[in-house]
K.L.:
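Questions regarding the structure given below will be posed in turn.
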Amino acid sequence: MKTGINTSWFFRLFIFILYTILSTDGNLGAIESTNPIQAPTLSPAQKSDSTETNAKILVELFLAKERKGDLEAIKKEFEAVGITRIRPQFFRLGHPPENIAIGKDIPADVARLAIRLAVTYNGNIKTILPEFRYFPDHIVIGTSAFDEKSEIPIQPEDLKRLSDPSLTTAQFHELYRHLTGEDVRNPTYLK
């Protein structure tokens, strides 16, 4: 017996509206900084080959509540290399995991910028997540979406190697996949 209301239709409408709201690039919920922010000066190694290709990159950023005032500075740094799709979230209590995930199509200079910002604003990077778990044009800092067992510990010297400005994009991702174990199709957490 039908009641006249199709709940599946309402659910699909709700998802469509939610998607539309979340995918807008407007300043809904933007946080205003009380301190004036100067434009960052980027070294040539930090400037991407093409800011046009960077426009499709999505950065998901999870920060401690105390870092809300730093959001505009973080956005400015990403915008300087053409990245405007930034989805920040703040932990209500505690500190987000000290991890990072970098998609396989992220240019090396952008990946190094993300690493530097993660270390600066999230305390450190102690684990990395395999590339295959994320979209190719996706960077995630401080996610708690995956089980801790799927996070691969990274040593400070390996993080320094990833941050080397002389690495090309291909070399960066080759090293990243080596550190996660993806280069041999066996991420280290599966061993």
Side-chain angles (χ1 to χ4, degrees), residues 15-43 45-146 151 159 162-163 165 169 172-173 176:
I15 294 298
F16 173 76
I17 292 170
L18 184 62
Y19 173 78
T20 305
I21 291 170
L22 292 176
S23 64
T24 7
D25 282 339
N27 287 329
L28 296 175
I31 299 169
E32 292 186 28
S33 176
T34 56
N35 300 330
I37 299 172
Q38 298 174 355
T41 47
L42 298 174
S43 70
Q46 287 177 306
K47 293 181 183 172
S48 179
D49 296 336
S50 172
T51 56
E52 187 177 298
T53 58
N54 291 349
K56 62 185 174 181
I57 294 173
L58 171 63
V59 177
E60 287 190 80
L61 181 63
F62 298 86
L63 297 167
K65 180 173 61 171
E66 300 79 38
R67 289 297 189 173
K68 281 187 178 183
D70 298 321
L71 182 57
E72 287 304 316
I74 295 167
K75 283 183 175 182
K76 293 280 185 198
E77 294 234 29
F78 281 121
E79 287 169 358
V81 293
I83 299 171
T84 57
R85 297 178 60 213
I86 302 164
R87 304 288 185 253
Q89 294 186 41
F90 297 95
F91 273 49
R92 291 183 182 171
L93 293 172
H95 194 275
E98 294 173 328
N99 63 26
I100 194 165
I102 299 172
K104 70 180 183 74
D105 290 344
I106 303 296
D109 60 323
V110 173
R112 287 188 289 270
L113 173 63
I115 288 170
R116 182 175 59 78
L117 293 175
V119 169
T120 302
Y121 295 104
N122 203 20
N124 198 0
I125 296 175
K126 293 184 179 174
T127 59
I128 56 177
L129 291 153
E131 286 183 347
F132 79 88
R133 290 206 171 264
Y134 290 92
F135 293 108
D137 296 313
H138 201 167
I139 298 171
V140 183
I141 298 171
T143 184
S144 60
F146 293 98
E151 296 185 32
L159 190 59
L162 280 174
S163 300
T169 296
F172 175 89
H173 287 286
Y176 191 94

K.L.:
Taking the cut-offs as 6.0 angstrom to the six-membered ring centre and 45 degrees off its axis, would you call Lys65 and Phe90 a cation-pi pair?
P.N.:
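No; the conditions do not both hold, so Lys65 does not lie above the ring face of Phe90.
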K.L.:
Quick one: CD1 on Ile106 to OG1 on Thr169, what's the gap to the nearest 0.5 Å?
P.N.:
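Ile106 CD1 to Thr169 OG1: 10.0 Å, rounded to 0.5 Å.
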K.L.:
Checking side chain to side chain contact (heavy atoms under 4.5 Å, CB included) between Ile74 and each of Thr120, Ile141, Ile86, Leu63, which is the one that passes?
P.N.:
Leu63
K.L.:
List the atom of Asn122, the atom of Pro96, and the distance in Å for their closest heavy-atom pair.
P.N.:
OD1-CG, 3.3 Å
K.L.:
At their closest point, which heavy atom of Ala101 faces which heavy atom of Tyr176, and how far apart are they?
P.N.:
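It is CA-OH, 3.6 Å.
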K.L.:
Using side-chain heavy atoms (C-beta onward) and a distance below 4.5 Å, is Asn124 in contact with Glu98?
P.N.:
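In short, these two side chains touch, coming nearer than 4.5 Å.
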K.L.:
According to salt bridge (Lys or Arg N to Asp or Glu O under 4.0 Å), who are the partners of Asp70, at least two apart in sequence or on a separate chain?
P.N.:
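Once residues adjacent in sequence are excluded, the partners of Asp70 under the salt bridge (Lys or Arg N to Asp or Glu O under 4.0 Å) criterion are Arg67.
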K.L.:
Under 3.5 Å, is there a donor-acceptor pair between the side chain of Asn99 and the main chain of Gly142?
P.N.:
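Judged by distance alone, yes, a pair lies under 3.5 Å.
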K.L.:
Roughly how far, to the nearest 0.5 Å, is the CZ atom of Arg116 from the CD atom of Glu77?
P.N.:
4.0 Å
K.L.:
Kindly indicate whether the side chain of Ile57, heavy atoms from C-beta on, has any atom under 4.5 Å from the side chain of Val59.
P.N.:
yes
K.L.:
In terms of the angle between their ring planes, are His138 and Phe135 parallel, tilted or perpendicular, with boundaries placed at 30° and 60°?
P.N.:
parallel
K.L.:
Supply the atom-to-atom distance Leu61 CG to Phe78 CZ, rounded to the nearest 0.5 angstrom.
P.N.:
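CZ of Phe78 is found 6.5 Å from CG of Leu61.
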K.L.:
Please confirm whether the backbone N or O of Val81 pairs with a side-chain atom of Asn54, one donor and one acceptor, at under 3.5 Å?
P.N.:
yes
K.L.:
Roughly how far apart are Ile100 CD1 and Leu162 CG, rounded to 0.5 Å?
P.N.:
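So the CD1 of Ile100 and the CG of Leu162 are separated by 9.0 Å.
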K.L.:
Is there side-chain contact between Glu60 and Thr143, with at least one heavy-atom pair below 4.5 Å?
P.N.:
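Side chain of Glu60 against side chain of Thr143, heavy atoms only: no contact under 4.5 Å found.
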K.L.:
Under a 3.5 Å distance rule, please check whether His173 uses its side chain to pair with a backbone N or O of Glu131 as donor and acceptor.
P.N.:
no
K.L.:
Under the ring pair (Phe, Tyr, Trp, His ring centres under 6.0 Å) test, which residues partner Phe62, sequence neighbours left out?
P.N.:
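So Phe62 forms no ring pair (Phe, Tyr, Trp, His ring centres under 6.0 Å) with any residue.
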K.L.:
With the side chain counted from C-beta on, respond yes when Leu129 and Glu151 share a heavy-atom pair under 4.5 Å apart, and no when they do not.
P.N.:
yes
K.L.:
Can you name the nearest heavy-atom pair linking Ser163 to Arg112, along with the distance?
P.N.:
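Where Ser163 meets Arg112 most closely, the heavy atoms are O-CD, 3.2 Å.
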K.L.:
Can you find a heavy atom in the side chain of Asp137 that is under 4.5 Å from one in the side chain of Leu58?
P.N.:
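The answer is no; the side chains never approach within 4.5 Å.
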